[in-house]
Amino acid sequence: MATNNGWTPDQPVVSLKDVHKSFGDLEVIKGVSMEVMMGEVVCIIGPSGSGKSTLIRCINALNDIQSGSITVQGQEVHDPDLDKLELRKKVGIVFQQYNLFPHKTALENIMMAPLLVLKQPKEEVEKKAEQLLRKVRLQGKEHSYPGELSGGQQQRVAIARALAMSPDVMLFDEVTAALDPETVKEVLVTIKELAADGMTCILVTHEMGFAREIADHIYFTDHGIIVEHGPPATFFEQAKDPRTQELLSQHL
C-alpha cells in the first residue's frame, strides 16, 4: 500500500538522517541516523542525558530539529507545511508520566481523542475503548479514575489511549521509569504483546533484559551520538566500543 508520498512498506517507516538538535548552545543530538522498518521493534538505550528522549520527541515533532531529516512513511516530519495532527494520528507516544485526566475515568481518557480529534461516533469509540482496556488487561476498570489505579495500571491506560488513535508507529519514552518494580512487569508484558501483534515500536528504555528479549535492533546513544547498534545477539555478546561494554557490565 503506497501513501500519497509514494511510500511503500518495503521502505523504512521511520527514517532519521544526520539529525542535529540543540537547546540554545547545547547540542544534544549530533548527527544521528537510523531506520525502522514496518513491524520492527527498536530499543534506544544509554545513560541519562544522552539525547534518547529528545530523539523520539523529534520523531513526533514535539521537538524541532536544527538540521537533518526525519521522515515517517515518506513524509518529512519537520516540513513547515506538515499537518502535525495527521502525523500524530500515525505516531502514538507514551511518556514516563501518564498524563491522564484525573477527573475522567479510564474509559473516558481513552475515548477523548477519537471523539474530539477524529470525530468518530460515540458508540463506536466506546466499543473500541472497551476492547483496548481488555487488550491491556484492565477489564473491570472502565469506570475507575486514575487516582484509584496503580502506577502500572495508569500507564496501561495511557498505552490504550495512544492505541485508540490506531497509530502505525508507537513511541515509548522510559514508560517504566516512574514505576515500582512490581508494576514494571505488567507494563512490559503489554508492550511485548503489542510487538507480537506486529506494531512498529521505538522504545527508550533502561530495562536491558527487556530490550534484549523484545528488540529487533538496539541503538546505544551517548552524548548525542549513536555509539553502537545491532541486533540483540550481536549487541549484547559482541559489543566493541568500551562505552557499550561498560554500560552492559553495569546492567547485566
Side-chain angles (χ1 to χ4, degrees), residues 12-16 19 29 32-60 91-96 98 135-137 151-152 155-156 158-159 162-163 167-252:
V13 63
V14 177
S15 175
L16 288 78
V19 173
I29 297 173
V32 163
S33 300
M34 68 170 64
E35 292 188 339
V36 183
M37 302 303 290
M38 192 69 117
E40 202 169 26
V41 178
V42 166
C43 287
I44 305 171
I45 63 174
S48 295
S50 62
K52 310 183 298 293
S53 294
T54 301
L55 195 60
I56 63 167
R57 289 174 68 88
C58 291
I59 295 172
N60 211 30
V91 186
I93 188 164
V94 184
F95 300 97
Q96 181 176 331
Y98 334 117
K135 187 177 183 70
V136 299
R137 295 181 317 289
Q155 192 58 287
R156 284 183 281 155
I159 291 171
L163 291 172
D168 296 317
V169 179
M170 282 283 282
L171 309 175
F172 297 93
D173 185 11
E174 291 278 21
V175 292
T176 59
L179 301 179
D180 55 83
E182 289 77 64
T183 52
V184 165
K185 190 174 176 197
E186 57 196 51
V187 173
L188 295 182
V189 166
T190 298
I191 297 172
K192 201 185 297 185
E193 287 169 354
L194 273 184
D197 289 345
M199 174 64 75
T200 307
C201 298
I202 303 175
L203 302 101
V204 168
T205 184
H206 61 280
E207 300 282 345
M208 294 294 174
F210 179 66
R212 186 174 199 160
E213 190 181 342
I214 192 176
D216 296 301
H217 206 91
I218 294 176
Y219 288 85
F220 169 48
T221 62
D222 191 22
H223 291 95
I225 61 165
I226 292 170
V227 174
E228 194 155 0
H229 67 94
T234 313
F235 184 86
F236 284 101
E237 305 300 335
Q238 299 165 30
K240 294 182 176 66
D241 192 282
R243 287 170 291 183
T244 317
Q245 292 166 353
E246 185 186 353
L247 179 89
L248 297 179
S249 70
Q250 290 167 359
H251 287 272
L252 296 176

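Just so you know, these numbers use all the heavy atoms, side chains as well, and skip hydrogens, waters and symmetry mates.
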Undergrad: Keeping D241 on the side-chain end and R243 on the backbone end, is there a donor-acceptor pair under 3.5 Å?
TA: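 At least one qualifying donor-acceptor pair exists.
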
Undergrad: Under 4.5 Å between any side-chain heavy atoms of L163 and M170, yes or no?
TA: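 A side-chain contact under 4.5 Å exists here.
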
Undergrad: Any side-chain heavy atom of Q155 within less than 4.5 Å of one from T190?
TA: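 No, side chains not in contact.
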
Undergrad: Answer yes or no: is there a side-chain heavy-atom contact under 4.5 Å between T200 and V14?
TA: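 A side-chain contact under 4.5 Å is absent here.
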
Undergrad: Take the angle between the ring planes of H229 and H217 and call it parallel below 30°, perpendicular above 60°, tilted in between.
TA: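 Rings of H229 and H217: tilted, as their planes differ by 30° to 60°.
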
Undergrad: Look up atom OG1 in T205 and atom CG in L188, then write down how far apart they are to the nearest 0.5 Å.
TA: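 The distance works out to 6.5 Å.
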
Undergrad: Distance-only, no hydrogens or angles: does the Q245 side chain make a donor-acceptor pair with backbone N or O of A239 under 3.5 Å?
TA: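 Pair found, side chain donor or acceptor close to backbone of A239.
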
Undergrad: In the structure I gave you, are the side-chain heavy atoms of I191 and F210 within less than 4.5 Å of one another anywhere?
TA: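 They are in side-chain contact.
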
Undergrad: Applying side-chain contact (heavy atoms from CB on, under 4.5 Å), run through M34 and L55 and close with a yes or a no.
TA: CA-CA 11 Å; M34 68 170 64; L55 195 60; 3.9 Å; yes

Undergrad: CD1/I44 to CZ/F220 distance, rounded to the nearest 0.5 angstrom?
TA: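 So the CD1 of I44 and the CZ of F220 are separated by 12.5 Å.
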
Undergrad: Do Y219 and V42 come within less than 4.5 Å of each other through their side chains, counting heavy atoms only?
TA: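 SC-SC contact between Y219 and V42 confirmed.
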
Undergrad: Ignoring hydrogens, what is the shortest heavy-atom contact between I214 and A195? Give both atom names and the distance.
TA: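 Result for this residue pair: CD1-CB, 3.9 Å.
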
Undergrad: For the OG1 atom of T176 and the CD atom of E207, what is their distance to the nearest 0.5 Å?
TA: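 Going from the OG1 atom of T176 to the CD atom of E207 covers 4.0 Å.
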
Undergrad: Quick one: side-chain hydrogen bond (donor to acceptor under 3.5 Å, both in side chains) partners of D168, sequence neighbours excluded?
TA: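 Here the qualifying residues are Q73.
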
Undergrad: Going by the side chain to side chain donor-acceptor pair (under 3.5 Å) test, which pairs reach into residues 40-51, not counting sequence neighbours?
TA: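 Those involving residues 40-51 are S50-T221.
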
Undergrad: Could you tell me if the side chain of I59 sits less than 4.5 Å from the side chain of V169, heavy atoms only?
TA: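 Counting from C-beta outward, V169 and I59 never come under 4.5 Å.
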
Undergrad: Work out which heavy atom in A211 is nearest to a heavy atom in I218; give both atom names and the distance.
TA: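 A211 and I218 have their closest heavy atoms at O-CD1, 3.9 Å.
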
Undergrad: In Å and rounded to the nearest 0.5 Å, what is the NZ to SG distance from K52 to C43?
TA: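 Rounded to the nearest 0.5 Å, the NZ-SG separation comes out at 12.0 Å.
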
Undergrad: Nearest 0.5 Å, what's the NZ-CG distance between K192 and D197?
TA: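 One gets 13.5 Å once the value is rounded to the nearest 0.5 Å.
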
Undergrad: Calculate, to the nearest 0.5 Å, the distance between atoms CG and CD1 belonging to L203 and I56 respectively.
TA: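 That separation rounds to 8.0 Å.
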
Undergrad: More than 12 non-hydrogen atoms from neighbouring residues, nucleotides or ligands closer than 6.0 Å to NE2 on H223, yes or no?
TA: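 Not more than 12 within 6.0 Å, no.
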
Undergrad: Minimum heavy-atom separation for F235 to G230, with atom names?
TA: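 Taking every non-hydrogen atom into account, CB-O, 4.1 Å.
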
Undergrad: What are the two closest heavy atoms between P232 and A215, and how far apart are they?
TA: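 Closest heavy-atom pair between P232 and A215: CG-O, 3.1 Å.
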
Undergrad: According to salt bridge (Lys or Arg N to Asp or Glu O under 4.0 Å), does anything in residues 178-191 pair up with another residue at least two apart or in another chain? List the pairs.
TA: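 Every pair satisfying salt bridge (Lys or Arg N to Asp or Glu O under 4.0 Å) with a residue in residues 178-191: R156-E186.
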
Undergrad: Are E193 and V136 side-chain neighbours, meaning at least one heavy-atom pair lies under 4.5 Å?
TA: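 Contact flag for E193/V136 side chains = no.
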
Undergrad: Can you check side-chain contact (heavy atoms from CB on, under 4.5 Å) on I159 and V187, steps first, answer last?
TA: CA-CA 9 Å; I159 291 171; V187 173; 4.1 Å; yes

Undergrad: Is there a side-chain contact between R137 and V189, using heavy atoms and a 4.5 Å cut-off?
TA: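 R137 vs V189: side chains touch.
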
Undergrad: Specify the closest pair of heavy atoms between V175 and F95, including all atoms of both residues, with the distance to one decimal.
TA: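 Shortest heavy-atom separation between V175 and F95 comes out as CG1-O, 3.9 Å.
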
Undergrad: On a heavy-atom basis, which atom in N60 and which in V91 lie closest, and how many Å separate them?
TA: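 Reported closest heavy-atom pair: OD1-O, 3.1 Å.
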
